[in-house]
Amino acid sequence: QVQLAESGGGLVQAGGSLRLSCAASGRTFSNRSMGWFRQAPGKEREFVAAINWSGGSTYYADSVKGRFTISRDNAKNTVYLQMNSLKPEDTAVYYCAAGRYHYLSSYQYDYAYWGQGTQVTVSS
């Protein structure tokens with residue numbers, strides 16, 4: 001079992017930055033891939049970024065590529081999402097997820113555990 005808790009969300013102006021953190025507790029964090037997803041009002045939850053178990057491989061949605069960076073610190077059981085050059089369309093609830101496997105994935109069904117989410121609001 002893995003418990004996840006996101007933090008770092010908030011209100012920011014367009015062009016600004018935020019850093020989300022996801023603290024994991026429980027077993028086997030370091031051998032799982034981790035991902036970030038988001039859900040905007042009235043829309044389905046969508047993939048944002050993923051990182052493999054070691055942090056050596058990452059993958060991004062086209063909409064955030066070049067602006068967001070995912071990273072992890074296995075010693076601290078924490079995964080991060082650095083978000084730069086934020087746009088109003090990035091407004092959503094952001095969810096951290098722990099994968100079923102060690103390799104990264106953009107598919108929600110490859111993730112076994114989910115956090116409660118943290119709100120990110122970007123004003124224009």
Roughly how far apart are Gln13 CD and Ser124 OG, rounded to 0.5 Å? 9.5 Å
Between Trp53 and Tyr60, is there a shared hydrophobic cluster once you connect ILVMFWY residues whose side-chain heavy atoms come closer than 4.5 Å? no
Only one of Val48, Ile51, Ile70, Leu104 forms a side-chain contact (heavy atoms from CB on, under 4.5 Å) with Tyr59, so which one is it? Leu104
Donor-acceptor pair, distance only, cut-off 3.5 Å: does the side chain of Gln39 make one with the backbone of Ala92? no
When rounded to the nearest 0.5 Å, the distance separating NE2 of His102 from CG of Asn31 is 9.5 Å
Between Arg19 (side chain only) and Gln82 (backbone N and O only), is there a donor and an acceptor less than 3.5 Å apart? no
Closest non-hydrogen atom pair between Thr78 and Ser21, with its separation: CG2-CB, 4.4 Å
Do you know the tightest heavy-atom contact between Arg32 and Val2? NE-CG2, 3.7 Å
Just by distance, do the side chain of Tyr111 and the backbone of Trp36 share a donor-acceptor pair under 3.5 Å? no
Flag yes if Trp114 and Phe29 sit in one hydrophobic cluster, no otherwise; membership is Ile, Leu, Val, Met, Phe, Trp, Tyr, and two members link when side-chain heavy atoms are under 4.5 Å apart. no
Taking everything shown except Lys43 itself, do over 12 heavy atoms lie less than 6.0 Å from its NZ? no
Considering all heavy atoms of both residues, which atom of Leu4 and which atom of Ala24 are nearest to each other, and what is their separation? CD2-CB, 3.6 Å
Is there a continuous path of hydrophobic side-chain contacts, each under 4.5 Å between heavy atoms, that joins Leu81 to Val122? yes
What pairs with Arg67 under side chain to side chain donor-acceptor pair (under 3.5 Å), at least two apart in sequence or on another chain? Asp90
Tell me whether Ser33 contacts the main-chain N or O of Tyr103 through its side chain, where contact means a donor paired with an acceptor under 3.5 Å. yes
Is any side-chain heavy atom of Arg38 closer than 4.5 Å to a side-chain heavy atom of Val64? yes
Taking all atoms of both residues into account, what is the closest heavy-atom pair of Cys96 and Met34, and its distance? SG-CE, 3.6 Å
Whether Phe68 and Tyr94 hold their rings parallel, tilted or perpendicular, with breakpoints at 30° and 60°: tilted
For the student: nearest non-hydrogen atoms of Ser17 and Asn84, plus distance: OG-OD1, 2.9 Å
Shortest non-hydrogen contact between Ala14 and Pro88, atoms and distance: CB-CD, 4.1 Å
When rounded to the nearest 0.5 angstrom, what is the spacing between OG in Ser25 and CD in Gln1? 9.5 Å
Remaining members of hydrophobic cluster (4.5 Å side-chain criterion), Tyr109: Tyr107
Judged by atom type as modelled, is there a donor-acceptor pair below 3.5 Å linking the side chain of Arg72 to the main-chain atoms of Asn52? yes
Donor-acceptor check, side chain of Gln108 to backbone of Arg45, threshold 3.5 angstrom: yes or no? yes
Glu6 side chain vs Thr118 backbone, donor-acceptor pair below 3.5 Å: no
Following the transitive rule for hydrophobic clusters with a side-chain heavy-atom cut-off under 4.5 Å over Ile, Leu, Val, Met, Phe, Trp and Tyr, establish whether Leu86 and Val93 coincide in one cluster. no
Rounded to the nearest 0.5 Å, how far does CG of Asp73 lie from OG of Ser30? 11.0 Å
